[in-house]
**Student:** 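Attaching a single structure in structure tokens format; questions to follow.
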Amino acid sequence: MNQFKSIPGTFDVLPRGYTSGSDVIAPVSVWRHVEEAVRRVMVRYGAEEIRTPILEPTELIARGIGQSTDIVSKEMFAFERGSTNYVLRPEVTAPVMRAFLQHNLAQQGGTQRLFYIGPCFRAERPQKGRYRQFHQFGLEIIGSEDARSDAETITCALDVYLELGLREFTVRINSLGDRDSRPKYKQALLDYFLPLSDQLSEVSRNRLDTNPLRILDTKNERERELLKGAPILLDFIDDESRQHYDSVKEHLTEVGVSFVEDPFLVRGLDYYSRTTFEIESAVLGAQSALAGGGRYDMLSSEVGSKKIVPAVGFAAGIERLIMALNAAGKADVDSDCPDAFIVSVDNVAPGWIFSTAKSLRDSGLSICYDLQGRSMKAQMREANRQNARYVVIAGEEDITSGVVQLKDMSDGSQEEVSIELLSKTIGASQS
RNA sequence: GUGGUCGUAGCUCAGUUGGUUAGAGCGCCAGGUUGUGGCCCUGGAGGUCGGGGGUUCAAUCCCCCUCGAUCACCCCA
């Protein structure tokens with residue numbers, strides 16, 4: 001009988017953490033540490049949390065992200081039930097936009113700053129830093145064209161990394177221009193590459209038909225050489241987009257964010273226009289992108305809005321963030337430990353242990369005790385392993401006399417405490 | 001979907017040019033200390049050496065198949 005295993009590309013987050021292949025799966029405490037940092041930073045940005053379903057209509061994702069993208073064409077976990085097509089969300093921007101439109105959040109006035117944390121799903125072949133179920137957090141600023149919102153999106157992502165103690169990353173930015181810029185540029189790219197097509201790899205040759213922009217981020221050495229002579233996207237964008245882009249760069253510079261302009265930074269989701277950016281870390285191996293995002297002014301109309309709703313946002317991978325934290329030695333986080341562990345000498349008075357634990361818990365303390373009838377030594381070891389602050393030692397006589405031993409595990413000191421005063425004494429020293 | 005690498009205890013890994021009961025460290029359990037943890041010492045549990053087939057007197061080791069893991073391409077977080 002084979003044991004069941006988690007599906008490839010998914011993993012369990014355990015209390016203690018473990019290694020899986022070359023990946024270190026961090027303990028839950030690290031995950032919470034990250035999630036709390038995200039929430040702190042988001043609050044500073046005035047962002048409010050939004051939670052959307054894991055399941056979305058397939059059509060929303062297909063239209064939002066784009067039929068020809070890899071995500072939609074080959075990486076969706078999608079299924080049909082009755083007359084409805086469902087998909088496990090591969091990202092959260094389109095769902096957030098859907099929710100924004102569905103609930104008419106524009107009616108609440110102003111610009112909405114919405115953030116999320118949660119799982120996403122893509123049917124890719126797993127590898128280091130890439131999973132089938134992975135976790136993202138992100139910010140969407142919906143309802144403004146202001147270049148400050150683009151810059152704010154970038155600083156917000158960076159602030160999460162800074163908050164967690166990361167320092168080593170690079171920001172790459174580019175502008176894709178407006179709706180009309182891309183077709184013009186695509187044509188220019190085609191004009192450049194078609195005569196050279198015999199020098200291109202098979203994948204890139206196919207892309208000339210399907211999505212020529214994707215040739216720009218090839219890793220192939222020879223193609224990179226060819227790219228040096230290729231037309232530059234920035235030369236094809238409209239004046240307004242150019243001004244907008246300059247303005248984004250100025251704002252970033254004003255607040256001391258350094259970045260590199262990458263004329264070949266396109267992204268694999270169709271909804272981007274104008275600003276795009278990626279934040280990457282050198283410590284991550286092949287999957288080096290920590291976060292990515294950009295402006296998506298066209299998305300709202302793609303998913304059925306009559307009005308164009310301008311928006312920008314970023315999405316960041318939590319697994320990759322944790323990998324970077326591990327590499328930077330910033331992933332050591334204290335996990336919760338009990339205030340006290342009750343040791344029963346010779347396993348006497350199980351009922352008393354149970355009810356005492358309950359009443360101490362009722363007073364807000366975290367209490368553990370042995371459930372296996374183990375020796376006192378083993379109970380002490382267990383208390384030590386769990387990092388209990390105190391051990392309550394109770395034997396037959398202690399309980400009848402109403403006075404137990406309270407041992408402070410940090411320095412080994414021990415005192416007699418009457419049972420009625422236990423919660424007060426343990427609680428008083430809570431730091 | 002395509003390539004490379006690797007499968008020995010819960011974890012990290014030794015090992016056998018094919019030869020009796022397959023090892024270590026960590027972890028776990030117990031004892032050393034009959035009411036006291038961390039350190040130390042002793043002992044113990046735990047493995048069909050991924051699975052199937054073949055070669056051989058004999059396979060964990062050699063061959064074939066298969067399954068799984070992993071890294072990379074592609075793409076993205």
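Every chain is numbered from 1, with letters handed out A, B, ... down the list of sequences.
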**Student:** Using a cut-off of 4.0 Å on non-hydrogen atoms, how would the nucleic acid contact of A:A388 be classed: base, sugar-phosphate, or nothing?
**Tutor:**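 Here A:A388 touches no strand at all.
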**Student:** Can you tell me how far P in B:rG3 sits from the matching atom in B:rG46, rounded to whole Å?
**Tutor:**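 That atom pair is separated by 43 Å.
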**Student:** Round to a whole Å and report the spacing from NZ of A:K5 to P of B:rG50.
**Tutor:**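 In whole Å, B:rG50 P lies 13 Å from A:K5 NZ.
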**Student:** Between B:rA77 and A:E124, counting only base atoms on the nucleotide and side-chain atoms on the residue, is there a donor-acceptor pair under 3.5 Å?
**Tutor:**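 Result: at least one qualifying N/O pair found.
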**Student:** Which nucleotide, in any strand shown, forms a Watson-Crick or G-U wobble pair with B:rG27, with both distances under 3.5 Å?
**Tutor:**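 None - no nucleotide pairs with B:rG27, as no candidate has both distances under 3.5 Å.
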**Student:** Write down the partner of B:rU2 under the Watson-Crick or G-U wobble criteria, each distance required to be under 3.5 Å.
**Tutor:**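 B:rA72 is the nucleotide pairing with B:rU2.
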**Student:** Base, sugar-phosphate or nothing for A:D398? Non-hydrogen atoms, less than 4.0 Å.
**Tutor:**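 The residue A:D398 makes base contact.
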**Student:** Do A:R182 and A:S273 get their side chains close enough for a donor-acceptor pair, meaning under 3.5 Å?
**Tutor:**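 The criterion, which ignores hydrogens and geometry beyond distance, is not satisfied for A:S273 and A:R182.
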**Student:** If we call it a pair only when both distances are under 3.5 Å in a Watson-Crick or G-U wobble match, what pairs with B:rG35?
**Tutor:**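 Looking at the geometry, B:rG35 pairs with no nucleotide.
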**Student:** Contact class for A:A383 vs. all strands (heavy atom < 4.0 Å): base, sugar-phosphate, or nothing?
**Tutor:**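 Answer is nothing: A:A383 stays at 4.0 Å or more from every strand.
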**Student:** Say we look at B:rC64 and B:rA59: how far apart would their C1' atoms be, to the nearest angstrom?
**Tutor:**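 These two C1' atoms come out 15 Å apart once rounded.
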**Student:** For A:R389 and B:rG38, give me the distance from atom CZ to atom C1', rounded to whole Å.
**Tutor:**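 Distance, rounded to whole Å: 18 Å.
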**Student:** If you measure only the distance, is there a donor-acceptor pair under 3.5 Å linking the side chains of A:T356 and A:Y369?
**Tutor:**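 Absent: no donor and acceptor within the cut-off.
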**Student:** Quiz question: going by heavy-atom distance under 3.5 Å, is there a donor-acceptor pair between the base of B:rU36 and the side chain of A:K377?
**Tutor:**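 Looking at the base of B:rU36, it does not pair with any donor or acceptor on the side chain of A:K377 (distance under 3.5 Å).
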**Student:** Can you tell me how far P in B:rC74 sits from the matching atom in B:rA69, rounded to whole Å?
**Tutor:**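 Result for the P pair: 23 Å, nearest Å.
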**Student:** Answer yes if the side chains of A:Y192 and A:Q187 hold a donor-acceptor pair under 3.5 Å, and no otherwise.
**Tutor:**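 The criterion, which ignores hydrogens and geometry beyond distance, is not satisfied for A:Q187 and A:Y192.
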**Student:** Does the structure show a Watson-Crick or G-U wobble partner for B:rC57, both distances under 3.5 Å? Name it, or say none.
**Tutor:**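 B:rG19 - that is the nucleotide pairing with B:rC57, both distances being under 3.5 Å.
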**Student:** In whole angstrom, give me the gap between the C1' atoms of B:rG52 and B:rA14.
**Tutor:**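 Comparing C1' positions in B:rG52 and B:rA14 gives a spacing of 27 Å.
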**Student:** Is there a donor N/O on one and an acceptor N/O on the other, under 3.5 Å, for the side chain of A:Q414 and the base of B:rU36?
**Tutor:**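 Result: at least one qualifying N/O pair found.
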**Student:** Write down the distance between CD (A:E416) and P (B:rG35), rounded to a whole number of angstrom.
**Tutor:**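 The answer, rounded to whole Å, is 17 Å.
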**Student:** Starting at the 5' end of RNA chain B, which residue's closest nucleotide do you reach first, A:A378 or A:G395?
**Tutor:**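 On the 5' side of the pair lies A:A378.
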**Student:** Can a salt bridge be assigned to the pair A:E163 and A:R44 using a cut-off of 4.0 Å between side-chain N and carboxylate O?
**Tutor:**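 A:R44 and A:E163: salt-bridged.
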**Student:** Can you check whether A:Q136 has a side-chain N or O nearer than 4.0 Å to OP1 or OP2 of B:rA77?
**Tutor:**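 For B:rA77, neither OP1 nor OP2 has a side-chain N or O of A:Q136 closer than 4.0 Å.
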**Student:** Are A:R374 and B:rC29 close enough that a side-chain N or O sits under 4.0 Å from OP1 or OP2?
**Tutor:**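 Result: yes.
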**Student:** Ignoring hydrogens and angles, are the base of B:rA77 and the side chain of A:R130 linked by a donor-acceptor pair under 3.5 Å?
**Tutor:**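 Looking at the base of B:rA77, it does not pair with any donor or acceptor on the side chain of A:R130 (distance under 3.5 Å).
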**Student:** Under 4.0 Å between any heavy atoms, over every strand shown, what does A:E91 touch: base, sugar-phosphate, or nothing? Just pick one.
**Tutor:**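 Since no nucleic acid heavy atom lies under 4.0 Å of A:E91, the category is nothing.
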**Student:** Between atom CD in A:E415 and atom C1' in B:rU36, what is the gap in whole Å?
**Tutor:**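 The answer, rounded to whole Å, is 16 Å.
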**Student:** Just how far, in rounded Å, is P of B:rC73 from CG of A:D70?
**Tutor:**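 One finds 14 Å between P of B:rC73 and CG of A:D70, rounded.
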**Student:** Using the P atom as the reference point in each nucleotide, state the distance between B:rU60 and B:rG51 in Å, no decimals.
**Tutor:**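 Straight-line distance between the two P atoms is 10 Å.
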**Student:** State, without any angle test, whether A:E302 and A:Y296 hold a side-chain donor-acceptor pair at a distance under 3.5 Å.
**Tutor:**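 Note: A:E302 and A:Y296 side chains miss the donor-acceptor criterion.
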**Student:** Please work out if A:L290 contacts a base, only the sugar-phosphate, or nothing of the nucleic acid, heavy-atom cut-off 4.0 Å.
**Tutor:**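 Here A:L290 touches the backbone only, sparing every base.
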**Student:** Does A:N384 make a side-chain donor-acceptor contact with the base of B:rG37, cut-off 3.5 Å?
**Tutor:**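 Present.
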**Student:** Please state the P separation for the pair B:rU17 and B:rC61 - nearest whole angstrom.
**Tutor:**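 Comparing P positions in B:rU17 and B:rC61 gives a spacing of 13 Å.
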**Student:** Please classify the nucleic acid contact of A:E75 as base, sugar-phosphate, or nothing, using heavy-atom distances under 4.0 Å.
**Tutor:**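 The residue A:E75 makes sugar-phosphate contact but no base contact.
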**Student:** Could you tell me whether A:E91 and A:R122 have a side-chain N and a carboxylate O separated by less than 4.0 Å?
**Tutor:**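 Between A:R122 and A:E91 there is no salt bridge, as every charged N stays at least 4.0 Å from the carboxylate O atoms.
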**Student:** Checking all strands, does A:P8 fall into the base, sugar-phosphate, or nothing category for heavy-atom contacts under 4.0 angstrom?
**Tutor:**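 Touches sugar-phosphate only.
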**Student:** Can you tell me, in whole Å, how much space there is between the P of B:rC11 and that of B:rC28?
**Tutor:**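 It comes out at 15 Å once rounded to the nearest Å.
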**Student:** Let me know, please, whether A:R125 or A:S413 comes out on the 5' side of the other along RNA chain B by nearest nucleotide.
**Tutor:**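 Comparing both residues, the 5'-ward one is A:R125.
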**Student:** If I take atom OH in residue A:Y131 and atom C1' in nucleotide B:rA77, what distance separates them, rounded to the nearest angstrom?
**Tutor:**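 Going from OH in A:Y131 over to C1' in B:rA77 covers 11 Å.
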**Student:** How far does the C1' atom of B:rG32 sit from the matching atom of B:rU48, given to the nearest Å?
**Tutor:**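 The answer is 36 Å between these two C1' atoms.
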**Student:** In terms of the angle between their ring planes, are A:Y161 and A:F169 parallel, tilted or perpendicular, with boundaries placed at 30° and 60°?
**Tutor:**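 A:Y161 vs A:F169 ring planes: tilted.
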**Student:** Is any side-chain nitrogen or oxygen of A:R381 closer than 4.0 Å to OP1 or OP2 of B:rA30?
**Tutor:**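 For B:rA30, OP1/OP2 do have a side-chain N/O of A:R381 under 4.0 Å.
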**Student:** Could you tell me whether A:G412 contacts a base, only the sugar-phosphate backbone, or nothing, with contacts defined as non-hydrogen atoms closer than 4.0 Å?
**Tutor:**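 The residue A:G412 makes base contact.
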**Student:** Whole angstroms only, please: what is the CE-P distance between A:M323 and B:rC71?
**Tutor:**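 So the CE-P distance, A:M323 to B:rC71, works out to 8 Å.
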**Student:** Taking any heavy-atom pair under 4.0 Å as a contact, classify A:S375: base, sugar-phosphate, or nothing.
**Tutor:**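 Here A:S375 touches the backbone only, sparing every base.
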**Student:** Relative to the ring of A:F121, is the ring of A:F77 parallel (under 30°), tilted (30 to 60°) or perpendicular (over 60°)?
**Tutor:**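 Correct class here is perpendicular.
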**Student:** Is the distance from OP1 or OP2 of B:rC73 to the nearest side-chain N or O of A:Q127 less than 4.0 Å?
**Tutor:**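 For B:rC73, OP1 or OP2 has a side-chain N or O of A:Q127 closer than 4.0 Å.
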**Student:** Whether the A:T58 and A:N85 side chains hold a donor-acceptor pair (N or O, under 3.5 Å, no angle test) is what I'd like checked.
**Tutor:**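 Per modelled atom types, A:T58 and A:N85 side chains form no pair under 3.5 Å.
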**Student:** At under 4.0 Å, does any side-chain N or O of A:R385 touch on OP1 or OP2 of B:rC28?
**Tutor:**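 So the side chain of A:R385 is within the cut-off, an N or O lying under 4.0 Å from OP1 or OP2 of B:rC28.
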**Student:** Output the rounded distance in Å from CG (A:L14) to P (B:rG27).
**Tutor:**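 Going from CG in A:L14 over to P in B:rG27 covers 18 Å.
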